[in-house]
Every structure is written in C-alpha cells, then in structure tokens.
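Since the structure comes first, as structure tokens, the remarks are kept for the end.
Along the sequence shown, residues are numbered consecutively beginning with 1.
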Amino acid sequence: MSETRIVVFGAAGRMGRTIIEIVAETAGAKLVAALEPASSAALGEDAGSLAGIRKQGVRVTSDIAGALSGADAVIDFSAPDASAMLADAAALAGCAHVIGTTGFQVEHETRIADAARRTAIVKSGNMSLGVNLIAGLVEQAARALPANLFDIEILEMHHRHKVDAPSGTALLLGEAAAKGRGIGLDEHAVRVRDGQTGPRQTGSIGFATLRGGSVVGEHAVILAGEGERIEISHKAGDRAIFARGAVSAALWTKGRSAGLYSMRDVLGLTG
Ligand SMILES: NC(=O)C1=CN([C@@H]2O[C@H](COP(=O)(O)OP(=O)(O)OC[C@H]3O[C@@H](n4cnc5c(N)ncnc54)[C@H](OP(=O)(O)O)[C@@H]3O)[C@@H](O)[C@H]2O)C=CC1
Ligand SMILES: O=C(O)C1=N[C@H](C(=O)O)C[C@H](O)C1
C-alpha cells in the first residue's frame, strides 16, 4: 500500500513536535506539511529541526488549504476553535482528520459532527492504548457495581500549562462510567465542589482536577463503597504514547468512509 501523507497541525506545540518525531519513525507514514498560525515564530522552520530530529524537508507554514491538498490525513492537537475550523477545511479538501484537542463546547462538537458527514474523523480525548483499554474496564465496573453502593469519582492531574478542565480523558472515563450505569454523563456529572455542598448525591459522577509541574497526564477512577474501594488508574510518562495512537489513527483512516470514529474503533476495542 502507498504511504499515508500526513499533515501536522499545531506543529510547534508539545504534541505537534512529538507527532513529527513519531511520523518520521513510522513505516508507511510520510510528513507532507506542518501547520502553525500566521503569527507563529516557527513559520519557515524545518519541521524536523522544530521537533529536535533530522531535517524533514518540510517547512512550517500557515497555508491550510495548500497543506491539505494532496494529503491523506491531518493530525491536530491544537485548540477547540482551531480544530472546529480545521474540520470544515479538511472535509472540503477530502482529507481525514485526527483530533486530539480537548476542551470542546457543544458548538464545536456540532461543527465536527457535521464535517464527519463528509470525511473520516477520529476524535478522542486520549489517544493512548492504555487509557482506551481502561475505559472498557471502567464501563464494566460501573455496570457491575450498583450506584447506591458504590460512588464514582474521577481524579486527574496534568502539567501547569494545561488550559482545560476536566481533562478530555477524565470526561472520556466519565462517559464510560455513565454508559456502564446506563445514564447520561451531563445530567450526573459534578465537575466542581466548593463550600457547603451538602452530602454526596447518589449516582453522581464526581470530577477533581489537579494542575502542577510537568505531569504528562494521570487519571484514576475511584469506585468507593462501604469498607472497600476500587481504583482503576493510568499514568502517562511520555507524550509519545498519544502520538503513536494518533499516527496509527491517521494510517487507519486510509480508504475509510466518512464518519465520526473513536480510538476504540481504531484499536478494535469496541463491543
Ligand atoms: N487526545 C490526546 O491524547 C491528547 C490531547 N492533548 C490535547 O491537545 C491539545 C494541545 O496540547 P499541547 O500540544 O500540550 O498544547 P500546546 O499549546 O503546546 O500546542 C498547541 C499548538 O496548536 C497551535 N495552534 C493553535 N491554534 C492554531 C491554529 N489556528 N492554527 C495552527 N496551529 C494552531 C498552537 O500555536 P500557538 O502556540 O502559536 O498558538 C500550538 O503550537 C490540548 O487540547 C490537549 O488537551 C494533549 C495530549 C494528548
Ligand atoms: O493537555 C494535555 O497534556 C493532555 N490532554 C489530554 C486530556 O485532556 O486528557 C490527554 C492527556 O492526558 C494529556
């Protein structure tokens, strides 16, 4: 099969640079463009130099239409407004879109779902194998343990630069727990507690957010009962785990029909 021609969007970011590195070492993947905003100091720089690897012969640009024309997939770890805009552009160009960005509002989700009618989109709050595996375990545990006996709380910690909360992963794990319980997350999530909160609402799913230092990403789903507590946790030590997942998702989209897919689809973990 021919190589998958990949564009990296948000190329100078923490994830963008890691993606460039992983694309360069992945058989069957070829970097064809690297995108940053028009204001970026990285414009014109070689993508390989930006990522701290050998030169790739691809200069960072802000020309989205030019970059997407002739590409198979764009990998995007950027910001919500930028990802929603890119979803339209990728659909117009007939290019698949792998979205790792988190922190979306309903209007972003709507635009992305609309674009997914026209092109293949893989979107996940966490692209790692480990997190997508534990999401299945969380769903199973939440299904097995009655809501009146076990309280579900989700704890996450990330580096000091992270701008959204709860993390995309925490929400993904919350969705898995809600699915296991046969409830909607939006109606049962408690995302903040402060002051006189009153006792815990039975059946709610609580979130707690920690930020500090250089923590790549740590998550724990706690199922707390009377006299016993189960914890299902994941610790990311290296951004390469997300980048490998994103690059495998880009390869997976080749020849795939339009639709909104998850990493569980890519990894074959559904069902
Ligand atoms: N799903 C997953 O597995 C993971 C998801 N993430 C998510 O990915 C996102 C990015 O994280 P991270 O790399 O740490 O963040 P960074 O802030 O380091 O990188 C974001 C990059 O996107 C660029 N960007 C923003 N807007 C545009 C635009 N309109 N056009 C082109 N580039 C743009 C930024 O450029 P500039 O700085 O010039 O604005 C920056 O280079 C976050 O939402 C994070 O939560 C992170 C890790 C794993
Ligand atoms: O911003 C990050 O860094 C991360 N974001 C994702 C999230 O919001 O869950 C995934 C990972 O935990 C790192």
Side-chain angles (χ1 to χ4, degrees), residues 80 83-84 99-114 116 121-158 162 164-210 217-236 245 259-271:
S83 292
I99 306 178
T101 307
T102 58
F104 292 112
Q105 303 296 315
V106 176
E107 54 274 21
H108 299 119
E109 304 277 7
T110 306
R111 282 177 70 186
I112 290 168
D114 176 61
I121 297 183
V122 179
K123 176 171 170 291
S124 178
N126 197 301
M127 299 274 174
S128 76
L129 173 60
V131 160
N132 285 284
L133 181 85
I134 69 161
L137 303 179
V138 168
E139 183 182 331
Q140 206 182 329
R143 184 172 293 119
L145 302 171
N148 62 334
L149 297 181
F150 282 84
D151 301 321
I152 301 181
E153 294 283 313
I154 300 175
L155 176 64
E156 56 114 332
M157 180 158 188
H158 283 87
K162 186 161 178 63
D164 57 308
S167 69
T169 311
L171 293 171
L172 178 160
L173 295 170
E175 289 287 359
K179 187 171 176 206
R181 288 224 162 135
I183 58 173
L185 182 62
D186 288 349
E187 304 83 68
H188 292 85
V190 176
R191 293 166 68 131
V192 180
R193 291 193 184 101
D194 187 29
Q196 289 293 316
T197 61
R200 191 181 195 282
Q201 183 98 35
T202 301
S204 59
I205 296 176
F207 291 85
T209 300
L210 307 180
E218 301 191 356
H219 294 86
V221 178
I222 300 163
L223 298 108
E226 285 291 333
E228 60 180 329
R229 194 166 79 223
I230 297 162
E231 293 191 14
I232 302 174
S233 67
H234 181 269
K235 289 182 173 57
L260 187 53
Y261 302 97
S262 72
M263 269 315 278
R264 289 177 61 75
D265 296 314
V266 174
L267 295 166
L269 294 172
T270 45

For the CD1 atom of Ile205 and the CD1 atom of Ile152, what is their distance to the nearest 0.5 Å? 5.0 Å
OG-CD1 distance between Ser124 and Ile99, expressed to the nearest 0.5 angstrom: 11.0 Å
Pick from Gln105, Arg111, His108, Glu107: which one makes a side-chain contact (heavy atoms from CB on, under 4.5 Å) with Pro80? His108
When you check the side-chain N and O atoms of His219 and Ser233, is any donor under 3.5 Å from an acceptor? no
When you check the side-chain N and O atoms of Asp164 and Thr102, is any donor under 3.5 Å from an acceptor? yes
Residues two or more places apart in sequence or in another chain: which of them pass side chain to side chain donor-acceptor pair (under 3.5 Å) with Glu109? Lys123
Side-chain heavy atoms of Leu223 within contact of Arg229, under 4.5 Å: no
Heavy-atom pair of closest approach, residues Gly125 and Thr169: O-OG1, 3.3 Å
Counting only heavy atoms from other residues, nucleotides and ligands, does the tally under 6.0 Å from CZ of Arg143 exceed 12? yes
Give, for atom CE of Met263 and atom CG of Leu133, the distance between the pair rounded to the nearest 0.5 Å. 12.5 Å
What's the separation between atom CD1 in Ile230 and atom CG in Leu145, rounded to the nearest 0.5 Å? 5.0 Å
Main-chain N/O of Arg264 paired to Ser262 side chain as donor or acceptor, under 3.5 Å: yes
Quick check on side-chain contact (heavy atoms from CB on, under 4.5 Å): which of Ile232, Val221, Leu129, Leu172 does Ile134 satisfy it with? Ile232
Can you check whether Leu171 reaches Phe207 side chain to side chain, under 4.5 Å on heavy atoms? yes
Establish, from distance only, whether the side-chain atoms of Asn126 and Ser128 form a donor-acceptor pair under 3.5 Å. yes
In Å, rounded to the nearest 0.5 Å, how long is the span from CD of Glu156 to OG of Ser167? 3.5 Å
For residues Phe104 and Ser83, determine if any side-chain heavy atom of one lies less than 4.5 Å from a side-chain heavy atom of the other. yes
Here the gap from Arg191 atom CZ to Ile154 atom CD1, rounded to the nearest 0.5 Å, amounts to 11.0 Å
For Ala178 and Gly184, which heavy atoms make the closest approach, and how far apart are they? CB-C, 4.3 Å
What heavy-atom pair brings Thr202 and Ala147 nearest, and what distance separates the two atoms? CG2-O, 3.7 Å
Salt bridge Arg200-Glu153, side-chain N to carboxylate O under 4.0 Å: yes
Check the pair Val190, Gln201 against side-chain contact (heavy atoms from CB on, under 4.5 Å), reporting the backbone distance first and the verdict last. CA-CA 9 Å; Val190 176; Gln201 183 98 35; 5.7 Å; no
If we ignore hydrogens and angles and just use 3.5 Å, is the side chain of Thr197 paired with the main-chain N or O of Arg193 as donor and acceptor? no
Kindly give the heavy-atom pair with the smallest separation between Leu173 and Val131, and that separation in Å. CD2-O, 4.4 Å
Is the shortest side-chain N to carboxylate O distance from Lys179 to Glu175 below 4.0 Å? no
More than 12 non-hydrogen atoms from neighbouring residues, nucleotides or ligands closer than 6.0 Å to CD on Glu226, yes or no? no
